[in-house]
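Everything numeric in this text was worked out from a predicted model, so none of it was measured.
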Amino acid sequence: MYVKICGLSEPEHVEAAVEAGADAIGFVLTRSPRRVTPERAAELAAPIPAHVLTVGVFRGETPEEVRAAALASGVRAVQLHGHHPHADFTTLKDLGRPLVRAVDAAADLRCGAFDEDLLIVDAPRPGSGEPWDWAAVRGRPSGRWMLAGGLDPANVAQAAEAAGAWGVDVSSGVETAPGVKDSALIRAFLRAARGG
C-alpha cells in the first residue's frame with residue numbers, strides 16, 4: 001500500500017513519517033492552516049532520502065506561481081488540487097517532476113487523463129477530515145491512485161479495501177488539532193495502512 005503523509009510542517013513529524021516508511025510526504029504551499037513557505041519546505045525536505053517522494057501541494061495557483069514555488073522548495077513532485085484545467089498539467093510537464101492530480105469523485109478518475117502520474121480521489125469537501133462513501137468509487141479510478149478524505153489509523157484499512165485503493169493519503173487524520181501533526185498517529189497510520 002502506497003502511503004502519502006501530507007501537510008507536514010515540523011522536522012520531527014517529517015522524521016517520524018520517513019522512519020515509519022512513508023512513500024511520499026506532502027508540503028502545503030497554498031492557502032491552508034498547514035501552509036509552509038517554499039523556503040521552509042526546502043529546509044524540511046533536505047534530510048528526506050531520495051526514495052521518498054516530496055510533494056508540493058497547490059490549489060488554484062497559476063502554473064507560473066506553481067513553477068516558482070516548486071523550484072524554490074525543491075520538491076520532487078507537484079500536486080494540483082481541485083479543478084485545474086488539463087492545460088495547467090501540460091504547462092508543468094517540462095518541470096520534469098511527477099504530477100499529481102487531486103479531485104473529488106465527480107471528476108474524471110482515470111489516472112493520466114490530464115497527463116498526471118498519480119491521482120488522488122478526495123472527499124467532496126477536501127481538508128474537512130470527514131469520512132465519506134469510499135466504496136462508491138470502487139472500480140472507477142484507474143491506474144496509480146490514492147484514496148483521501150477522512151482517513152485515520154482506525155479506519156484506513158477498511159476504507160482502502162472498500163474503495164479498492166492502490167494507495168492512501170492522509171493529513172488531518174494524523175493531527176491533534178488543525179495543522180498540528182502527531183508522530184505517534186503518523187506511525188499508527190502507516191502500520192494500519194499496511195496491515196501491521
Side-chain angles (χ1 to χ4, degrees), residues 1-9 13-28 32 34 48-49 51-59 75-82 98-107 109-112 116-176 178-196:
M1 179 66 62
Y2 191 94
V3 180
K4 175 169 168 271
I5 309 289
C6 199
L8 299 186
S9 58
H13 301 139
V14 170
E15 188 179 332
V18 170
E19 285 179 358
D23 297 291
I25 291 175
F27 300 108
V28 177
S32 163
R34 300 164 186 90
I48 296 176
H51 69 271
V52 178
L53 192 66
T54 54
V55 183
V57 178
F58 300 91
R59 186 186 184 96
V75 289
R76 298 178 188 133
V78 167
Q79 175 178 323
L80 301 184
H81 211 111
L99 299 177
V100 184
R101 179 168 62 101
V103 292
D104 63 32
L109 301 185
R110 292 170 302 150
C111 181
E116 78 277 17
D117 302 281
L118 292 166
L119 176 71
I120 294 172
V121 181
D122 203 349
R125 293 199 325 122
S128 66
E130 295 167 1
W132 55 288
D133 186 3
W134 302 300
V137 300
R138 186 175 187 90
R140 287 181 55 213
S142 63
R144 300 195 312 159
W145 72 279
M146 287 175 268
L147 183 69
L151 303 179
D152 61 35
N155 67 22
V156 62
Q158 169 205 341
E161 185 167 339
W166 171 83
V168 288
D169 180 21
V170 69
S171 185
S172 58
V174 290
E175 292 179 344
T176 53
V180 183
K181 293 289 187 282
D182 182 279
S183 294
L185 286 174
I186 290 170
R187 287 190 287 268
F189 184 88
L190 275 145
R191 276 196 307 274
R194 298 203 172 117

For this session: Using the side-chain contact (heavy atoms from CB on, under 4.5 Å) rule, pick out the option among Val170, Asp23, Val55, Val14 that qualifies with Ile5.
Result: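 Result for side-chain contact (heavy atoms from CB on, under 4.5 Å) with Ile5: Val170.
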For this session: Can you spot which of Ile120, Leu118, Val137 makes a side-chain contact (heavy atoms from CB on, under 4.5 Å) with Trp145?
Result: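 It is Val137, the one option of Ile120, Leu118, Val137 that forms the side-chain contact (heavy atoms from CB on, under 4.5 Å) with Trp145.
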So do the side chains of [X] and [Y] get within less than 4.5 Å of each other, counting heavy atoms only?
X      : Y      : answer
Leu53  : Tyr2   : yes
Val78  : Phe58  : yes
Trp134 : Val121 : no
Pro49  : Val18  : yes
Lys4   : Ile25  : no

For this session: State whether the number of non-hydrogen atoms from other residues, nucleotides or ligands found under 6.0 Å of Arg110 atom CZ is greater than 12.
Result: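 Atom CZ in Arg110 is not crowded, with 12 or fewer foreign heavy atoms closer than 6.0 Å.
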For this session: Return yes when atom CD of Glu161 has more than 12 non-hydrogen atoms of other residues, nucleotides or ligands closer than 6.0 Å, and no otherwise.
Result: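 No, not enclosed.
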May I ask you to decide if [Y]'s main-chain N or O and [X]'s side chain share a donor-acceptor pair within less than 3.5 Å?
X      : Y      : answer
Arg187 : Asp182 : no
Arg194 : Gly21  : yes
Arg140 : Ala105 : yes

Problem set entry | From CA spacing to verdict: side chain to side chain contact (heavy atoms under 4.5 Å, CB included), Arg101, Val103 | CA-CA 7 Å; Arg101 179 168 62 101; Val103 292; 3.9 Å; yes
Between [X] and [Y], do the side chains contain an N or O donor and an N or O acceptor separated by less than 3.5 Å?
X      : Y      : answer
Lys181 : Thr176 : no
Arg34  : Ser171 : yes
His81  : Asp122 : yes

Exercise. Quick one: CH2 on Trp132 to CZ on Arg125, what's the gap to the nearest 0.5 Å?
Worked result: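 Rounded to the nearest 0.5 Å, the CH2-CZ separation comes out at 14.0 Å.
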For this session: Can you measure from CG (Leu151) to CE (Met146) and round to the nearest 0.5 angstrom?
Result: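 Reported value, rounded in 0.5 Å steps: 11.5 Å.
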For this session: Decide yes or no on side chain to side chain contact (heavy atoms under 4.5 Å, CB included) for Thr54 and Phe27, but give the supporting numbers first.
Result: CA-CA 8 Å; Thr54 54; Phe27 300 108; 4.2 Å; yes
Exercise. Could you walk me through whether Leu119 and Arg144 pass the side chain to side chain contact (heavy atoms under 4.5 Å, CB included) check?
Worked result: CA-CA 6 Å; Leu119 176 71; Arg144 300 195 312 159; over 6 Å; no
Exercise. What's the verdict on side chain to side chain contact (heavy atoms under 4.5 Å, CB included) for Leu109 and Ser142, showing C-alpha distance, side-chain angles and the deciding distance?
Worked result: CA-CA 7 Å; Leu109 301 185; Ser142 63; over 6 Å; no
